[in-house]
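Structure, as structure tokens:
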Amino acid sequence: MIDQFGRSIDYMRISVTDRCNLRCRYCMPNGAACEKSGEILRYDELLRICTAAVELGITKFKITGGEPLVRKGCPDFIAALKRLPGVEQVTLTTNGLLLAEHLDALCSAGLDAANVSLDTLNADRYRKLTSSVSFTPDDCLRLLESCCEKGLRTKVNTVLLEENRNEAVSLAQIAQKLPVDVRFIELMPIGYGGTLARVNPDEVLRTLLDRWPDLHAVSERRGNGPAHYYASESLLGRIGFIDAVSHRFCADCNRVRLTSTGQLKPCLCFDSSVELRGLLRAGCTDETLVETIRNAVFDKPRAHCFDARENMTEHRMMSEIGG
Ligand code: SAM
Ligand code: SF4
């Protein structure tokens with residue numbers, strides 16, 4: 001559907017849980033009191049919201065969290081979502097820890113693509129950044145190979161941090177060995193992300209150009225997001241940049257978010273949201289649900305204000321909102 005600023009909104013990011021099996025420094029370093037399970041939307045409630053969203057032209061869904069695969073039944077939910085008439089694409093964002101265990105089920109469910117988050121190839125640094133007890137970057141690389149063997153379209157997401165800025169070339173080299181896109185994400189001032197230094201993505205691009213001088217911008221669209229991509233003859237996958245802060249792309253924003261507790265959130269930067277759980281549990285009609293979503297999407301703000309943080313009203317952690 002078209003929002004008040006003429007943008008076409010066709011993409012919803014759904015957080016199925018606020019729990020996670022890692023503690024990434026910029027996301028939920030100290031953990032957090034998680035919502036009680038009764039507060040989290042049941043899968044049947046999520047499917048009802050998705051059905052209403054499809055009616056409004058939202059046809060692409062990203063399953064996220066917290067860590068989506070820690071929630072029991074996630075592959076079955078994805079299969080059910082894929083079966084909903086009008087759903088064109090369902091993708092997943094995961095830290096990878098439980099992906100090997102669920103990969104077959106996710107492929108059978110018809111998952112269209114997976115984004116795997118990996119911020120460093122250094123085992124020590126990975127442990128420090130994520131508090132991982134046993135999963136390592138090498139495990140993650142093996143997992144990426146398995147995804148490729150299964151024919152699952154796969155991308156790597158790397159948040160740029162002081163700690164990993166010198167690893168950009170090594171991380172990008174994943175796209176030399178495997179047909180996966182490697183995307184560098186600018187740290188957003190959400191939750192703990194606001195307490196850490198931001199790395200300039202243009203500097204990282206310059207480093208990559210030193211290594212692959214033929215790296216050139218390509219205009220192809222490779223997913224639902226705002227990433228801009230670069231290609232090189234030497235790379236099987238593309239290098240992407242998601243620069244939400246320094247290269248604001250709000251004019252083309254196509255998304256809304258649903259938190260695990262059922263708040264429909266039109267913009268990451270602001271705490272305004274529409275409470276769908278209460279509506280569902282009060283027995284609303286399908287028409288009311290569709291109208292409520294329509295109004296919330298229509299009112300989506302023009303732009304974020306990450307560069308004027310005093311105006312930000314969202315103060316929750318990324319894992320609580322759904323990254
Ligand atoms: N647990 C899953 C994962 O790590 O992929 C899914 C949820 S996580 C919140 C989704 C993505 O958001 C991850 O790629 C993570 O690195 C990214 N992320 C979290 N906090 C961020 C921040 N402040 N700025 C930019 N990206 C962030
Ligand atoms: Fe968990 Fe993902 Fe947040 Fe890391 S980024 S703490 S894996 S939700």
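Whatever order the structure lists them in is the order used to number ligands and atoms, beginning at 1. Just so it is clear, the values below take in all heavy atoms, side chains as well, and ignore hydrogens, waters and symmetry mates.
In the vicinity of G65, heavy-atom distances shorter than 4.0 Å reach the ligand 1 atoms 7 (C), 9 (C). Near T64, with a cut-off below 4.0 Å to any heavy atom, the atoms of ligand 1 are 6 (C), 7 (C). Annotation for ligand 1: atoms under 4.0 Å from non-hydrogen atoms of E186 are 25 (C). Listed by atom number, the atoms of ligand 1 under 4.0 Å from L187 heavy atoms are 22 (C), 23 (N), 24 (N).
A donor-acceptor pair shorter than 3.5 Å cannot be found between the side chains of E67 and T17. Under 3.5 Å, the side chains of D119 and Y26 contain a donor-acceptor pair of N or O atoms. Checked by atom type, the side-chain pair D214/S232 shows a donor-acceptor distance below 3.5 Å. Checked by atom type, the side-chain pair D139/T136 shows a donor-acceptor distance below 3.5 Å.
Protein heavy atom in closest approach to atom 21 (C) of ligand 1: M318 CE, 3.6 Å. Residue, atom and distance of the protein heavy atom nearest to atom 24 (N) of ligand 1 are M188 N, 2.8 Å. For atom 18 (N) of ligand 1, the nearest protein heavy atom (residue, atom name, distance) is Y26 CE1, 3.8 Å. The shortest contact between atom 12 (O) of ligand 1 and any protein heavy atom is with G323 CA, 4.2 Å. Nearest protein neighbour of atom 3 (C) of ligand 1, counting heavy atoms only, is S117 OG, 3.3 Å. From the protein, the heavy atom lying nearest to atom 26 (N) of ligand 1 is V159 CG2, 3.7 Å. Scanning all protein heavy atoms for the shortest distance to atom 6 (C) of ligand 1 gives G66 O, 3.3 Å.
Inspection of the environment of atom 1 (Fe) of ligand 2 yields the following protein N, O or S atoms under 2.8 Å: C20 SG.
A salt bridge between R19 and E35 is absent, with no side-chain N of the basic residue lying under 4.0 Å from a carboxylate O of the acidic one. Residues E167 and R125 are paired through a salt bridge, judged by an N-O separation under 4.0 Å between the basic side chain and the carboxylate. No salt bridge links D112 with K60; every basic N to acidic carboxylate O contact stays at or beyond 4.0 Å. Ion pairing between R42 and E45 holds under the 4.0 Å rule for side-chain N and carboxylate O.
In terms of polar-atom proximity, defined here as any N/O pair under 3.5 Å, T93 makes no such contact with ligand 1. Polar contact check, N115 against ligand 1: no nitrogen or oxygen pair lies under 3.5 Å apart. Checked by distance only, ligand 1 and E67 come closer than 3.5 Å through their nitrogen or oxygen atoms. Checked against a 3.5 angstrom limit, the closest N/O atoms of C27 and ligand 1 fall outside it.
One hydrophobic cluster holds both F298 and V290 under the rule that ILVMFWY side chains link at heavy-atom gaps under 4.5 Å.
Put simply, no part of G191 is less than 4.0 Å from ligand 1, judged by heavy atoms.
The two residues V297 and D3 have their closest heavy-atom pair at O-CB, 3.4 Å.
Contacts with ligand 1 closer than 4.0 Å are made by no heavy atom of V116, backbone or side chain.
Although no hydrogens or angles enter the test, the distance criterion places a donor-acceptor pair under 3.5 Å between the side chain of E275 and the main chain of R277. Between the side chain of T292 and the backbone N or O of T288 there is at least one donor-acceptor pair closer than 3.5 Å.
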Let me see the working for E55 and R294 under salt bridge (charged side-chain N to carboxylate O under 4.0 Å, His left out), right down to the final yes or no. CA-CA 10 Å; E55 209 167 302; R294 188 198 305 280; over 6 Å; no
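Between C107 and K150 the shortest side-chain heavy-atom distance falls below 4.5 Å.
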